[in-house]
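Starting from 1, each residue takes its place in the sequence as its number.
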Amino acid sequence: MAKRKKENEEFTNPLADNVHIQGAGHIKNEAIVDTLTSNFMPYAMSVILSRAIPEIDGFKPSHRKLLYTMYSMGLLQGGTVKSANIVGRTMQLNPHGDASIYETMIRLSRGNESLLYPFVDSKGNFGKAYSKNMMYAASRYTEAKLAPISKELFEDINKDTVDFVDNYDNTMKEPTLLPVTFPTILCNVTTGIAAGMASSIASFNLGELCDTTISLIKNPDHDVNETLLAPDFVSGGYVVYDREELEKIYSTGRGSVKVRAKYTYDKKFNCIDITEIPPTTTSEAIIDKIVELVKANKIRELSDLRDETDLKGLRITLDLKRGTDPEKLMAKLYKMTPLEDTFSCNFNVLIKGSPKVLGVRDILLEWIDFRLECVRRRTQFTLNKKSERLHLLKGLEKILLDIDKAIKIIRNTEAEADVVPNLMIGFGIDRAQAEYVAEIKLRHLNREYILKRTKDIEDLIKEIAELEAILASKNKLKRIIVNELAEVSKKYSGERKCSILYSVEEFDTTETVEIPDYPVTLFITKEGYLNKIRTANLRMSGEQKVKEGDEVSRTFECSNKDELLVFTDKAQVYKAKVDDFPDGKASQLGTFAATKLGMEPDEKTIYMCVIREYKGYMIFAFENGKIAKVDITAYQTKANRKKLLKAYSAKVPLASVKYIEEDCELVLCSTSGRMLLLNTGALNPKTTKDTQGVSVMTQKKNHKLESMHFYREGEFEKAWRFRTKNLPAAGALPSPADNSAQLSF
């Protein structure tokens, strides 16, 4: 028993003695703030510092690792290599999967057209940033190398200009920053979402940026607006100039820039070709939105829409209807589609390990400080190398003055290890100088060699003096940066991709679209299909086509400018323009109204009426004998609302609905067989749509109001029998003569 008990204890205790996990299996009461501090905060800091936010050199770690790998592979010169090879090598620095590395390279490439100044020259299909459907090929099919401008990223990187750290497995070294010779941080669009913060940096023209940086170096109080006109995007288009908003971006780093698509009008073919779009959208998004507007009859000027994008670049073609003004149409499309979009700026940058939102001016000043340090370190590195060289040559100079003595010391030294110490003693030089002398070849022990080395000493002294002067003067360091920026601007800057619009005509959305007015006939079937046919074409049409088992239930003759009210079994009403439905033919089924109106899947239409003017009343007859008379203006809305809730009272089942333009007589029919002739003038109208109404026709037990219809003259032999002075009333039973009169109708 004791043995079995011990075995059961071991089975129920999963944490055996051989599992050494501190605190495992124990429940600990801890404040949520402490849990977040110990668990979430390290993750958040990792995302901010190591993934999403760019540093002052303009790159996120993933970009920097990829570019440095390509530089190490010697891809600044020579031909392209397979992208898969580059991706594989990059995993030595960035072990986060080949897919993410390749996507990073795609965005940096010239072929993808994501960056204003791409750093990777591509060969093959790298997709297009302006189209979500144009996907890039697999890495085994494409090739790449570094673009010529990338030379400026690695200039003097081996001269101690930046710090190097171990990679993730301590087998290689990688730079913490790149010693960029121009402000790459503002040359390309950079976006990133970290934990609790984000970054969205706009791109600027390189020439304008270099001029602005040079001006700030010369005068820290320089007005950035004078030299930096506006952001510039690789996708082109028009930047809508807003002085106040730009000043806000330049000073605070936050704000927004409006970018418009660029188009040309072909008068010969009466079409508009859109060739440049904002950087925040895609051609598919634009086309989908235009199609949506056309279906909603908000855009009527188009006869066709095509995506004609090919190897030459982006092109969306809009065929116009005759008489359409292309400028007015584009003004409308700018307002209603992503053809005009906003680029939101949030210049969040890592400065010495801390995220900071800075304006353009402050970012450039930070970059100048960073670049000054790079140039200072490079100068110091060069100075140290030249000083070491001078030191060695001075030792050589002493020995070359008496070569015979040096040869004698070497020949008379028995042990090889004693050669260097004996030279040190014989000439009064240090070990480094003696080592250098001892390595000289016999062929160099001649007059020519000695004179050359002596001359080198003189040159080195001059160069060292110049380098020391540079290190001692901040102005000389700044002058070096200015010269480098001027050279970069001369080599790589070009014309702006984005034109600047200083004055813009806005499209007034409050303007009502003119709806054409012509007579139409509406055919409505029991299953809810609506077919609109021009009355002028109706004579030439045949019988209205319907689905098998369906039939036409109602026909309306109205104007194309009228409105439709569609009441449903869920006490809701849907509003639509007759013009919202396309003109059809008798040979067509028409439009399924429920889908067009956006009705719920299980919702059914119970009544539909055409409104020319909001005059008259809606009459709702309920099964309990109550009648609600609602003024039609209760359904009139200033906003273009498509759906109204509580269109009528849902507390009692509805028996019938009628729209009347003026008071008239209605016949109420009960399941008991009784009928009541009601003049609607006897009812007071209500403005509340879901009013429960007033009692009009009393019902016997187990009976209810069944239907309601318009009274037709001569329908009853003695109509006075069915009228009443007081309400509510029970109504009267029809006589055989009344029934025969009704049958004649």
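- Donor-acceptor pairing under 3.5 Å is recorded for the side chains of D341 and T280.
- Within a 6.0 Å radius of OH in Y141, no more than 12 heavy atoms belonging to other residues, nucleotides or ligands are found.
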Residues 424-432 side chain polar contacts: donor-acceptor under 3.5 Å, at least two apart:
residue, atom, partner, partner atom, Å
D430, OD1, H391, NE2, 3.3
D430, OD1, A432, N, 3.4
D430, OD1, Q433, N, 2.9
D430, OD2, H391, NE2, 2.3

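- Distance check: K65 NZ to F59 CZ gives 14.0 Å after rounding to the nearest 0.5 Å.
- Between R371 and E484, at least one side-chain nitrogen of the basic residue sits less than 4.0 Å from a carboxylate oxygen of the acidic one, meeting the salt-bridge criterion.
- Side-chain contact between V120 and L67: present, with at least one pair of heavy atoms (C-beta onward) separated by less than 4.5 Å.
- Side chains of S199 and P54 form a contact here, defined as non-hydrogen atoms less than 4.5 Å apart.
- Atom CG of L358 sits about 7.5 Å away from atom CD1 of I56, to the nearest 0.5 Å.
- Side-chain contact check for Y102 versus Y136: some heavy-atom pair is nearer than 4.5 Å.
- Crowding of I193 atom CD1: a count of heavy atoms from other residues, nucleotides or ligands under 6.0 Å not exceeding 12.
- Enclosure of atom NZ in K394 is not indicated, since only 12 or fewer non-hydrogen atoms of other residues, nucleotides or ligands lie within 6.0 angstrom.
- Two residues are said to be in side-chain contact when any heavy atoms from C-beta on lie closer than 4.5 Å; L229 and Y241 fail this criterion.
- Under a 4.0 Å N-O distance rule, the pair E487/K490 does not qualify as a salt bridge.
- Note on K452 versus E448: salt bridge recorded, some NZ/NE/NH1/NH2 to OD/OE distance being below 4.0 Å.
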Residues 149-162, side-chain donor-acceptor partners within the protein, below 3.5 Å, at least two apart:
residue, atom, partner, partner atom, Å
S150, OG, F119, O, 2.7
S150, OG, A147, O, 3.4
K151, NZ, E155, OE1, 3.1
E152, OE1, T181, OG1, 2.7
D156, OD2, R378, NH1, 2.8
D160, OD1, R377, NH2, 3.0
T161, OG1, D156, O, 2.9

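- For the residue pair N346/N348, the side-chain donor-acceptor check at 3.5 Å is not satisfied.
- No side-chain donor-acceptor contact under 3.5 Å links N475 and S473.
- Aromatic rings of F233 and F343 (six-membered ring for Trp) have centroids within the 6.0 Å cut-off, being under it.
- For the pair V189/P279, no side-chain contact is recorded, criterion being any heavy-atom separation below 4.5 Å from C-beta on.
- Ion pair R243/E247 flagged as a salt bridge, since at least one NZ, NE, NH1 or NH2 atom sits closer than 4.0 Å to an Asp/Glu carboxylate oxygen.
- For the pair H63/T104, a side-chain contact is recorded, criterion being any heavy-atom separation below 4.5 Å from C-beta on.
- Salt bridge annotation for E276-K497: absent, with no cationic side-chain nitrogen under 4.0 angstrom from a carboxylate oxygen.
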Kindly determine whether Y436 and R389 satisfy side-chain hydrogen bond (donor to acceptor under 3.5 Å, both in side chains), including the steps that lead there. CA-CA 10 Å; Y436 179 70; R389 175 70 174 165; 3.2 Å; yes
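- Between atom OG1 of residue T282 and atom OH of residue Y130 there is a gap of 11.5 Å, rounded to the nearest 0.5 Å.
- The distance from the CD1 atom of I106 to the OG atom of S122 is 8.0 Å, given to the nearest 0.5 Å.
- Residues satisfying the side chain to side chain donor-acceptor pair (under 3.5 Å) criterion with N188, sequence neighbours excluded, are absent altogether.
- At least one side-chain heavy atom of L108 sits less than 4.5 Å from a side-chain heavy atom of L115.
- K398 contributes atom NZ, which lies 11.0 Å from atom NZ of K405 (distance to the nearest 0.5 angstrom).
- Side-chain polar atoms of T227 and H222 form a donor-acceptor pair below 3.5 angstrom.
- The side-chain hydrogen bond (donor to acceptor under 3.5 Å, both in side chains) pairs that include a residue from residues 409-426 are T413-N422, where partners are two or more places apart or lie in different chains.
- Side chain to side chain, N384 and E388 fail the donor-acceptor criterion of an N or O pair below 3.5 Å.
- The salt bridge (Lys or Arg N to Asp or Glu O under 4.0 Å) search around R254 returns none, not counting sequence neighbours.
- Judged as a side-chain hydrogen bond (donor to acceptor under 3.5 Å, both in side chains), the pairs with a partner in residues 76-88 (not counting sequence neighbours) are, in order, T80-E143, S83-T142.
- At least one side-chain heavy atom of Y68 sits less than 4.5 Å from a side-chain heavy atom of F164.
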Could you go through the salt bridge (charged side-chain N to carboxylate O under 4.0 Å, His left out) check for R110 and D121 one step at a time? CA-CA 6 Å; R110 190 180 305 280; D121 273 346; 2.9 Å; yes
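- Across K145 and L75, no two heavy atoms sit closer than the pair CB-O, 3.7 Å.
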